[in-house]
Chemist: 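Input: one structure, supplied below.
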Amino acid sequence: MIKLNDEQLKAVNNINGPMLVLAGAGSGKTRVIISRIINMLKKGISQSSILALTFTNKAANEMSTRIKQIYKKKLPKLTICTFHSFGVKILKNEIDKLGYKKNFCIYDTTDKQSLIKETAKELEYKLEEMNYYNMSYLFSQIKTNRVEWDPFTEQYKKLFVEYQHNLKVYNSVDFDDLILLPIKIFTEHPDVLKKYKDRYKYFLVDEFQDTSEIQYHLIKSLAEDCRNICAVGDDDQSIYSWRGACFDNIINFEIDFNEFKEVRLEQNYRSTDKILLAANELISKNQNRKPKKLWTNKNKGELLKIILPENEKHEGQIIAERVKSILMKNKILYKDFGILVRANSLTRSIEEALLTENLPYKVSGGMSFFQRKEVKDIVAYLRVIANPDDDVNLLRIINLPHRGLGKKTIEQLTIIARKKSCSLFSSATAAVLASDSPLSNKITQALDEFVSLINYYRTKMLSGKGMGKSLLSLIEHIDYWAYLLSEYKKANVAKWKYMNTENLVNSLAEYEKDPDNLNPNLFEYLNRISLFSREENDENKNNDRINLMTIHSAKGLEFNTVFIAGVEKDIIPHARSLEENENNIEEERRLFYVAITRAKKRLYILSCKSRNKRGKVEETLPSQFLEDIPDNLFEFIDTDDVMTSEDAVSSFGQLKDMFKK
DNA sequence: CGTCTCCAGGTTTTT
DNA sequence: CCTGGAGACG
């Protein structure tokens, strides 16, 4: 079994009553959680009474895989998932209590924005003064009680109410609803709450610092009677406040579960002394934190290395070269490298360099498979087939490929729909049947064909058999290939996009035949893919690849060698973040802290002298956070590998000069 | 009335 | 650099 220190053992063995584990970066947190669950199982606690909540699907999968590996038994009833998946689980069984149908559909950020757009049109809001991104953010904050209406936002109250109304009419929910609706069900139906309280008796919340107020509310309502709840977190790694993460939850926990035991894990097993010292120094500049000091007995680590490439292209090349030379001198694998960036757009230049050098890599985060236009198109068909009342997705496909059903037709359908207060699909069905339809013959016929198409595939797919085949035939039926060719002039682009739709078919077919899915059906498949915004890499594929990702998605991971690219002013900390609120500087610092503490042995920090922004080359300065790290912890590396001490001095002077600018 | 073409504007992080 | 929207055209 895994070796544990005294503090870790405390966290593993005290399974009754509330427990707060403050686990610093690299302190063996995952090990503790896994051991704790295995310990519970060994003591005879039933697997179905355990609920472990994680922050990402990736973390959930990893955890359950490792537990099964160690425990060597099947654990079909052990629940390890994200808050959102847990919400879906509850809604799948109980959503009818709120008057939704069970084939509800989950709207992602894009769908949500489309719905707001559509609703705004309906209410004749002036479009130009609205930013849908901000509007969807505002609505989320309102829904989750993070802000109140103010004199400026009040004008959008009507839009918000109508948005909520439309969601329900379309039998759809957004991400916030996945937490809010279960809370609502529990509040309004105590018998349902009791059912879940009777089932779950042991709770574990990972990344507790990143839970939102409503997530805490949900877990609290389930755990407050049995009181066996273990929260594991680290305030220094709270990097999701923009999404509602509220580390006051740690304080709330201490009040609500006041008999709690506390364990602090401060020994770091991950990083060398130099890396850890740098991280400690950096994070100590934050005012708003619980004081702590991580320590390690791994001494004599290498210095941190700072490199100043000319531009982002050069940056990619340097990383690729470094990876190669480290691989030659050390016994490590591709997957032991992590390349971290602040924003998804920064991966591009690095990817190009890795491709040129034939280095295998995988990107996590960013535009995921399911967000690609061509995949969303086909998924939109599936969504309408599963839930014809889903107007947002219906609008996406009604004239894709072109069927001659344009703006005017939709306008007329909308009028009918509003009159009868029904969905567009119902109004389309009605219009086809009606004798006094205001639509021309040609259009009625096209509409009829569309409605029949959906109904035909609906019957086919809801039988639950051969969904993959049906989908393929649907794609051929609508001649999506011809559509792609007409949309994209370059044949290879169209081909690539068509391949993605084929991959979607494969993914559906694989889902269907996976024995782990007890009752495969279209609804479950759709719910599943809306929660997996990231491509989950097949475990059986070649997994030895360099990891390229945003800092946010690197949370919880560790790598032998880490490169942090683009450590420049306005990127880390990000200009937009500071623009929003000056106080965000502390969260940005935590973000950099998370990046640094991913490294076990070697840490490279790259800061370009110039960078191509929107097609324009701009001079850049190093990140102000580099000033928080003591000089004696890093060295400068010349861009042509080894560097003379003279160069080091001049380069160092260069950096200092840059700060003075 | 639908489609095609061209142009401007916007690009933090994620379930 | 890619998307979405406005306006011309058929």
Side-chain angles (χ1 to χ4, degrees), chain A residues 53-60 81-88 106-110 112-114 117 121 127-128 131-134 136-137 140 144 173-179 207 210-212 214-215 238-245 340-348 364-368 370-373 376 399-412 439-440 442-443 446 486-489 493 527-534 549-555 566 570-580 584 587-588 590-592 594-595 612-616:
Chain A
L53 293 166
T54 60
F55 196 66
T56 61
N57 291 302
K58 200 177 191 170
C81 61
T82 63
F83 269 99
H84 290 87
S85 318
F86 182 62
V88 174
I106 303 166
Y107 277 7
D108 68 15
T109 323
T110 333
K112 184 180 176 182
Q113 283 175 38
S114 315
K117 218 178 271 185
K121 250 183 223 161
L127 298 170
E128 62 270 20
N131 174 328
Y132 295 103
Y133 178 83
N134 290 338
S136 102
Y137 186 58
S140 180
T144 58
V173 301
D174 62 19
F175 280 132
D176 297 317
D177 288 332
L178 294 180
I179 313 296
E207 306 285 5
D210 283 323
T211 51
S212 66
I214 54 170
Q215 287 170 335
S238 166
I239 53 175
Y240 281 93
S241 71
W242 49 275
R243 218 181 79 182
L340 311 184
V341 292
R342 173 66 231 266
N344 288 306
S345 57
L346 301 174
T347 56
R348 208 184 186 103
S364 358
M367 177 85 100
S368 87
F370 292 107
Q371 284 169 344
R372 290 170 214 258
K373 193 181 173 307
K376 280 214 84 165
N399 204 27
L400 184 162
H402 301 302
R403 305 188 166 86
L405 299 171
K407 224 159 79 190
K408 263 274 127 61
T409 313
I410 287 162
E411 238 166 60
Q412 279 168 315
L439 305 168
S440 74
K442 207 174 115 199
I443 287 173
S486 71
E487 285 288 292
Y488 302 95
K489 297 282 137 68
V493 175
N527 286 347
R528 179 181 291 224
I529 63 175
S530 24
L531 291 180
F532 283 78
S533 81
R534 234 177 284 164
M549 61 179 81
T550 63
I551 302 172
H552 280 90
S553 36
K555 194 153 91 137
D570 294 345
I571 296 182
I572 300 179
H574 201 282
R576 277 190 80 102
S577 164
L578 298 185
E579 225 170 79
E580 231 165 59
N584 284 345
E587 176 147 323
E588 293 288 314
R590 288 194 292 272
L591 197 53
F592 192 42
V594 168
N612 204 324
K613 287 177 183 167
R614 258 180 283 167
K616 273 198 170 166

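Convention: sequence-line order gives letters A, B, ...; per-chain numbering from 1.
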Chemist: Please enumerate all residues that pass side chain to side chain contact (heavy atoms under 4.5 Å, CB included) together with A:S140, with sequence neighbours excluded.
Modeler: A:K112, A:R146, A:D176
Chemist: When you check the phosphate oxygens OP1 and OP2 of B:dT12, does a side-chain N or O of A:R342 lie under 4.0 Å from one of them?
Modeler: no
Chemist: Calculate the interatomic distance between A:Y137 atom OH and B:dT13 atom P; express it in whole Å.
Modeler: 14 Å
Chemist: Nearest whole Å is fine: how far is B:dC1 C1' from A:I410 CD1?
Modeler: 12 Å
Chemist: Determine: side-chain N/O of A:T550 to OP1/OP2 of B:dT12, distance under 4.0 Å, yes or no.
Modeler: no
Chemist: Under the rule for side chain to side chain contact (heavy atoms under 4.5 Å, CB included), what residues qualify as partners of A:D108, not counting sequence neighbours?
Modeler: A:T110, A:D111, A:F175, A:K376
Chemist: A:S577 has a side chain; which of B:dT14, B:dT12, C:dG5 sits nearest to it?
Modeler: B:dT12
Chemist: Indicate, yes or no, whether a donor-acceptor pair under 3.5 Å links the base of B:dT12 to the side chain of A:H574.
Modeler: no
Chemist: Tabulated below should be each protein N or O lying under 3.5 Å from an N or O of nucleotides 2-5 of chain B; please produce it.
Modeler:
unit_1 : atom_1 : unit_2 : atom_2 : d
B:dG2  : OP1    : A:G406 : N      : 3.3
B:dG2  : OP1    : A:T409 : OG1    : 2.6
B:dG2  : OP2    : A:K408 : N      : 3.3
B:dT3  : OP1    : A:G404 : N      : 3.4
B:dT3  : OP2    : A:N399 : ND2    : 3.0

Chemist: Output all residues satisfying side chain to side chain contact (heavy atoms under 4.5 Å, CB included) with A:I410, sequence neighbours left out; order by chain, then residue number.
Modeler: A:L395, A:I398, A:T414
Chemist: Apply side chain to side chain contact (heavy atoms under 4.5 Å, CB included) to A:R243 and list each qualifying residue two or more places apart in sequence or on a separate chain.
Modeler: A:F55, A:H84, A:Y240
Chemist: To the nearest Å, how far apart are A:K373 NZ and C:dC2 C1'?
Modeler: 12 Å
Chemist: Can you tell me if the side-chain N/O atoms of A:N344 get under 4.0 Å from OP1 or OP2 in B:dT12?
Modeler: no
Chemist: Taking CE from A:M549 and P from B:dT13, how many angstroms apart are they, rounded to a whole number?
Modeler: 15 Å
Chemist: In whole Å, I'd like the distance from the CD atom of A:Q113 to the C1' atom of B:dG10.
Modeler: 12 Å
Chemist: Shortest non-hydrogen contact from A:T82 to A:T56?
Modeler: CG2-C, 3.3 Å
Chemist: Can you find a pair of side-chain heavy atoms, one from A:S85 and one from A:N57, that are under 4.5 Å apart?
Modeler: yes
Chemist: Taking the six-membered ring for Trp, does A:F83 stack with B:dT15 (centroid gap under 5.5 Å, planes within less than 30°)?
Modeler: no
Chemist: With a cut-off of less than 4.0 Å, is there a side-chain N or O of A:N584 near OP1 or OP2 of B:dT13?
Modeler: no
Chemist: Tell me the interatomic distance from A:L591, atom CG, to B:dT14, atom C1', rounded to whole angstroms.
Modeler: 13 Å
Chemist: Run the side chain to side chain donor-acceptor pair (under 3.5 Å) test against A:Q113 and tell me which residues pass, sequence neighbours left out.
Modeler: none
Chemist: Quick check: on DNA chain B, is the nucleotide nearest A:E588 upstream (toward 5') of the one nearest A:Q412, or the reverse? Name the residue that is more 5'.
Modeler: A:Q412
Chemist: How close or far is atom P of B:dT12 from atom CD1 of A:I571, stated in whole angstroms?
Modeler: 12 Å
Chemist: What is the distance, rounded to the nearest whole Å, between atom CZ of A:F592 and atom C1' of B:dT13?
Modeler: 16 Å
